[in-house]
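Report on one structure; see the data block that follows.
In listed order, ligands and their atoms are each counted from 1.
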Amino acid sequence: MSSDPNCIFCKLIAGQIPSRKVYEDDELYAFHDIHPHAPVHFLIVPKAHIPSLAQATEAHQALLGRILVLAPKLALEQGCNPYPHGGFRVVVNTGDEGGQEVHHLHVHVMGGPRPWAKG
Ligand code: 5GP
Ligand code: ZN
């Protein structure tokens, strides 16, 4: 599986940087964001180093689908209220103009009672 020795999320997945784990399987890792913007705010990442959604190919279709199917399950487990009055937001910042700071593909899942912090 591809890994970048300079990537903070690769180090985090490898356990070289501590994180608060939400979920893990062979392909995916999920952990709480260190600077949450909402009462529930975690990230789902592929374990393989993919820099961003801009590098996604047909080979990643199943992986990306798994992330989106996992998101609502983990959101409820982490304390988001149920749809439709609860719910959550899914964000994939991509590239500098997309607001991406960490260049390892990650899906933000944010939820919980409003108001949330700005950001
Ligand atoms: P981006 O702006 O790239 O979409 O979001 C990167 C996110 O990663 C930010 O929300 C930031 O708080 C989070 N983050 C950056 N470094 C770390 C870290 O070392 N640990 C954790 N848990 N989150 C991090
Ligand atoms: Zn990485």
Side-chain angles (χ1 to χ4, degrees):
M1 193 174 294
S2 58
S3 175
D4 177 341
N6 298 315
C7 169
I8 187 165
F9 284 177
C10 283
K11 289 182 189 169
L12 194 144
I13 292 160
Q16 293 160 4
I17 292 177
S19 63
R20 289 200 298 135
K21 180 161 83 171
V22 167
Y23 174 85
E24 182 170 17
D25 65 30
D26 288 353
E27 292 185 313
L28 302 176
Y29 187 66
F31 55 99
H32 293 282
D33 197 292
I34 204 164
H35 294 127
H37 290 178
V40 175
H41 185 176
F42 61 89
L43 307 175
I44 308 176
V45 304
K47 286 187 170 176
H49 181 84
I50 303 165
S52 82
L53 197 59
Q55 285 75 36
T57 68
E58 284 186 12
H60 300 119
Q61 278 184 142
L63 183 70
L64 294 171
R66 290 197 58 226
I67 292 174
L68 285 186
V69 171
L70 185 61
K73 184 172 172 283
L74 296 183
L76 286 176
E77 284 178 12
Q78 291 304 316
C80 290
N81 293 310
Y83 177 92
H85 298 299
F88 53 88
R89 173 176 289 177
V90 171
V91 172
V92 187
N93 296 324
T94 305
D96 292 344
E97 292 183 353
Q100 185 180 8
E101 291 178 359
V102 177
H103 289 262
H104 179 127
L105 173 60
H106 53 279
V107 174
H108 293 259
V109 181
M110 291 167 272
R114 297 277 182 167
W116 298 352
K118 281 191 171 180

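- Only protein atoms were considered; those of element N, O or S under 2.8 Å from the Zn ion (ligand 2) number 4.
- Of the options L64, T94, V45, a side chain to side chain contact (heavy atoms under 4.5 Å, CB included) to L105 is made by L64 and by none of the others.
- The distance from atom CD of Q78 to atom CZ of F88, rounded to the nearest 0.5 Å, is 12.5 Å.
- L28 pairs with exactly one of L63, V107, I13 by the side chain to side chain contact (heavy atoms under 4.5 Å, CB included) rule, that one being L63.
- Side chains of E27 and K47 form no contact here, defined as non-hydrogen atoms less than 4.5 Å apart.
- Using a 4.5 Å heavy-atom cutoff, the side chains of R66 and D25 are in contact.
- Taking the six-membered ring where tryptophan is involved, the planes of H49 and H104 are perpendicular, since the angle between them exceeds 60° and thus also 30°.
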Show the short N or O contacts, below 3.5 Å, that ligand 1 makes with protein N or O atoms; if there are none, say 'none'.
{"from": "ligand 1", "atom 1": "2 (O)", "to": "G99", "atom 2": "O", "distance (Å)": "3.0"}
{"from": "ligand 1", "atom 1": "2 (O)", "to": "E101", "atom 2": "N", "distance (Å)": "3.3"}
{"from": "ligand 1", "atom 1": "3 (O)", "to": "E101", "atom 2": "N", "distance (Å)": "2.7"}
{"from": "ligand 1", "atom 1": "3 (O)", "to": "V102", "atom 2": "N", "distance (Å)": "2.9"}
{"from": "ligand 1", "atom 1": "3 (O)", "to": "H106", "atom 2": "NE2", "distance (Å)": "3.0"}
{"from": "ligand 1", "atom 1": "4 (O)", "to": "N93", "atom 2": "ND2", "distance (Å)": "2.8"}
{"from": "ligand 1", "atom 1": "4 (O)", "to": "H106", "atom 2": "NE2", "distance (Å)": "2.8"}
{"from": "ligand 1", "atom 1": "4 (O)", "to": "H108", "atom 2": "NE2", "distance (Å)": "2.8"}
{"from": "ligand 1", "atom 1": "5 (O)", "to": "H106", "atom 2": "NE2", "distance (Å)": "3.2"}
{"from": "ligand 1", "atom 1": "5 (O)", "to": "H108", "atom 2": "NE2", "distance (Å)": "3.3"}
{"from": "ligand 1", "atom 1": "10 (O)", "to": "D33", "atom 2": "OD1", "distance (Å)": "3.2"}
{"from": "ligand 1", "atom 1": "10 (O)", "to": "D33", "atom 2": "OD2", "distance (Å)": "2.5"}
{"from": "ligand 1", "atom 1": "12 (O)", "to": "D33", "atom 2": "OD1", "distance (Å)": "2.5"}
{"from": "ligand 1", "atom 1": "22 (N)", "to": "H32", "atom 2": "O", "distance (Å)": "2.9"}
{"from": "ligand 1", "atom 1": "22 (N)", "to": "I34", "atom 2": "N", "distance (Å)": "3.4"}
{"from": "ligand 1", "atom 1": "23 (N)", "to": "I34", "atom 2": "N", "distance (Å)": "3.3"}

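- Taken to the nearest 0.5 Å, the CG atom of D4 stands 13.0 Å off from the CZ atom of F9.
- Rounding to the nearest 0.5 Å places CD1 of I44 at 4.5 Å from CG of L70.
- By the criterion of side-chain heavy atoms lying less than 4.5 angstrom apart, applied directly or through intervening Ile, Leu, Val, Met, Phe, Trp or Tyr residues, I8 is not grouped with F42; the two fall into different hydrophobic clusters.
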